[in-house]
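Down below is the structure, laid out as structure tokens.
Just so you know, these numbers use all the heavy atoms, side chains as well, and skip hydrogens, waters and symmetry mates. Both ligands and their constituent atoms are indexed starting at 1 by order of listing.
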Amino acid sequence: FGDKFKKPKGSWDCTVCLVSNKAEDSKCVACQSEKPGGSVHVTSSSTSSFFVPSGGFMGLDKFKKPEGSWDCEICLVQNKAEATKCVACESAKPGTKAELK
Ligand SMILES: [Zn+2]
Ligand SMILES: [Zn+2]
């Protein structure tokens, strides 16, 4: 006695018409109401703005060297075009001496 009234595992009662439905039913067999709590297909949470940076390489210009600038071969400091010596280690600008070959 009593086993007959045990609900099958996962079964659920319709909140609208109180009909007992099977676990595999996603809607009430009687009134077609959605299964409460189960398989919620609410799409509101998935609408978080998908951020796509359209100009991903826009910041690249910042890394462009000023025209004519040069990197010190000794200390790797970047020097301005008008500098003939490295501002840091005072090494001569590479290429300036090479002409005297
Ligand atoms: Zn129902
Ligand atoms: Zn240097």
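For Asp71, the side chain to side chain donor-acceptor pair (under 3.5 Å) test picks out Lys65, with sequence neighbours left out.
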Would Asn21 and Cys14 satisfy side-chain contact (heavy atoms from CB on, under 4.5 Å), going step by step from the backbone distance to the final call? CA-CA 7 Å; Asn21 296 281; Cys14 175; 3.8 Å; yes
Pair Glu34-Lys27, side-chain contact (heavy atoms from CB on, under 4.5 Å): steps then yes or no: CA-CA 5 Å; Glu34 286 275 340; Lys27 284 181 183 178; 4.0 Å; yes
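Side-chain contact between Cys31 and Val19 is absent, with no heavy-atom pair separated by less than 4.5 Å. When side chains are defined from C-beta on, Val77 does not count as touching Cys89, because their heavy atoms never get closer than 4.5 Å.
For the Zn ion (ligand 2), the tally of protein N/O/S atoms lying closer than 2.8 Å stands at 4.
The Zn ion (ligand 1) lies at the vertex of an angle of 110° between the SG atom of Cys28 and the SG atom of Cys14 (rounded to 10°).
Atoms CD and NZ, on Glu82 and Lys93 in that order, are 9.0 Å from each other to the nearest 0.5 Å.
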